[in-house]
Amino acid sequence: MKKKTRILLFLFLAMLLFISCRKKEELREKKKIKIGISLYDSYDTFISDYMKAFDGEVAEKRSKGYEVSVSRYNAARSQALQNEQVEEMLQNSCDVLCVNLVDRTAPSEIIDMAKKKNIPVIFFNRELVEEDLSQWNRLYYVGADAKQSGVLQGELIAKDVLEDGEGENGAVTLSPEVDKNQDGKIQYIIFEGEPGHQDAIMRTEYATGTLMKESIPLERLGYGIANWNRAEAQSKMMQLYSEFQDRIELIISNNDDMALGVIDAYDKIAVSKDNRPLIYGIDGTKVGLRAVEQGNLRATVYNDGRGQAKALFQLAFQLASGEETKGEEGGIRKIIRLPYSKVTKENCAEFLEEEERDSKQ
Ligand code: GAL
Ligand code: CA
């Protein structure tokens with residue numbers, strides 16, 4: 001055989017081998033995949049944006065010829081109902097479960113059921129305690145770093161409250177636009193999410209903690225627990241307003257929806273925009289970003305729901321295809337956390353553009 005013919009023959013065989021390996025790979029990956037999801041409350045704004053992004057990931061995979069089916073349930077804030085849904089998803093032979101826990105302290109029943117059927121579970125957004133996550137090696141968590149969201153919110157507020165950094169003798173000078181009564185203290189109200197939720201606890205602690213670290217004197221006038229909910233926040237704000245009126249200089253909210261409820265209350269009471277306290281949120285939901293753009297919400301902290309949805313889908317797909325994830329050290333990576341970022345009027349257009357681009361796809 002001539003040298004040229006031998007080379008050609010070799011190339012041909014190598015190509016055949018490559019194609020057959022690819023086919024096997026595709027076959028393995030292309031098996032039908034069934035994902036089961038249970039949401040703590042499908043009417044929660046952040047969660048519903050999150051699911052839209054998740055659907056986008058599913059659609060993209062399907063467009064590449066993969067058969068992905070998703071059954072989604074709304075637990076409507078009932079842990080008992082969520083447990084029943086998990087049972088049903090397991091009976092319907094889902095390959096993987098994605099659970100947005102109602103009660104983050106009560107995952108045991110779900111874990112036991114999944115373990116019996118050897119189906120992996122990815123918890124997301126509502127973080128369970130470390131010990132529960134280590135109950136079994138096929139449990140995962142996708143979320144964000146709650147502490148970071150509080151710190152970033154505190155930094156955004158500090159920047160607006162402080163007048164050119166430090167004053168004389170290291171004492172701080174407060175902006176007269178915020179410290180309206182000029183008493184050297186910031187009178188504030190805080191709106192908190194569900195009691196016991198990791199994000200509510202950490203955000204409250206680290207937002208106020210960051211302000212204290214900056215030596216900003218604070219006086220808490222009152223607080224409202226509004227369960228992440230816009231309407232609840234609005235009605236609590238109406239009550240708080242009747243009590244404190246224009247003494248309120250700052251409103252810190254654990255999420256955007258409650259901050260929007262506060263804005264709704266001010267609209268209803270008809271306080272002009274210039275006479276309202278500064279209001280801060282967290283999430284950067286579509287409605288939240290628009291409120292920042294319009295100057296109704298002073299700033300927010302972007303909770304990367306789209307990034308989390310992507311990570312959740314990729315992990316679910318991988319687990320459903322029978323692969324456990326490998327972290328940097330080659331071990332299984334059980335926890336994925338996405339970073340938060342600051343959003344102000346200056347940069348909110350970037351975030352809005354990304355949202356618009358994604359929703360068009
Ligand atoms: C938080 C989010 C809230 C709410 C909550 C539900 O991360 O900031 O708006 O969606 O999750 O668990
Ligand atoms: Ca004051």
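Positions are given from 1, in the same order as the sequence printed here. Counting convention: from 1, in listed order, for ligands and their atoms alike.
- The single protein non-hydrogen atom nearest to atom 1 (C) of ligand 1 is D199 OD2, 3.2 Å, given as residue, atom name and distance.
- With the Ca ion (ligand 2) as the vertex, atom OD1 of D183 and atom O of K185 span an angle of 80° (nearest 10 degrees).
- Those atoms of ligand 1 that come under 4.0 Å of a heavy atom in R203, given as number and element, are 2 (C), 7 (O), 8 (O).
- In this structure, F313 is a member of the same hydrophobic cluster as I336, with clusters built from ILVMFWY side-chain heavy atoms closer than 4.5 Å.
- Closest protein heavy atom to atom 8 (O) of ligand 1: D283 OD1, 2.6 Å.
- How far OG1 of T45 is from CH2 of W228: 12.0 Å, rounded to the nearest 0.5 Å.
- Cation-pi geometry between R77 and Y40 is not met at under 6.0 angstrom from the ring centre and within 45 degrees of the axis.
- The residue D257 has no part lying near ligand 1, judged by heavy-atom distances below 4.0 Å.
- Vertex the Ca ion (ligand 2), arms ending at OD1 of D179 and OE1 of E249: the angle is 100° after rounding to 10 degrees.
- Ligand 1 has no atom lying under 4.0 Å from any heavy atom of Q308.
- In this structure, H197 is part of the shell of residues with a heavy atom less than 4.0 angstrom from ligand 1.
- Under a 4.0 Å criterion applied to the non-hydrogen atoms of F46, ligand 1 contributes the atoms 2 (C), 9 (O), 10 (O).
- Considering L352, L156, L297, L289 as possible partners of V343, the one that fulfils the side-chain contact (heavy atoms from CB on, under 4.5 Å) test is L289.
- For the pair K342 and Y302, the cation does not sit on the ring face, since its NZ or CZ is not both under 6.0 Å from the ring centre and inside 45° of the axis.
- At least one heavy atom of Y40 sits closer than 4.0 Å to an atom of ligand 1.
- A side chain to side chain donor-acceptor pair (under 3.5 Å) with Y73 is found for exactly one of Q85, Q82, E84, E88, namely E88.
- Taking the six-membered ring for Trp and thresholds of 30 and 60 degrees, Y50 and F124 have ring planes inclined between 30 and 60 degrees apart.
- When the shell of 6.0 Å around OH of Y241 is examined, it contains more than 12 heavy atoms from other residues, nucleotides or ligands.
- Coordination check, N181 versus the Ca ion (ligand 2): passed, since an N/O/S atom of the residue sits under 3.0 Å.
- Salt-bridge annotation for E354 and R306: present, with a side-chain N of the basic residue lying under 4.0 Å from a carboxylate O of the acidic one.
- For a threshold of 3.5 Å applied to N or O pairs, the pair formed by N125 and ligand 1 contains at least one separation below that value.
- Ligand 1 places these atoms under 4.0 Å from at least one heavy atom of N255: 3 (C), 9 (O).
- Not one N, O or S atom of L174 sits under 3.0 Å from the Ca ion (ligand 2).
- What sits closest to atom 4 (C) of ligand 1 on the protein, heavy atoms only, is D44 OD2, 3.3 Å.
- Here E219 does not reach the Ca ion (ligand 2): none of its N/O/S atoms is less than 3.0 Å from the metal.
- The distance from atom CG of D183 to atom CD of Q187, rounded to the nearest 0.5 Å, is 4.5 Å.
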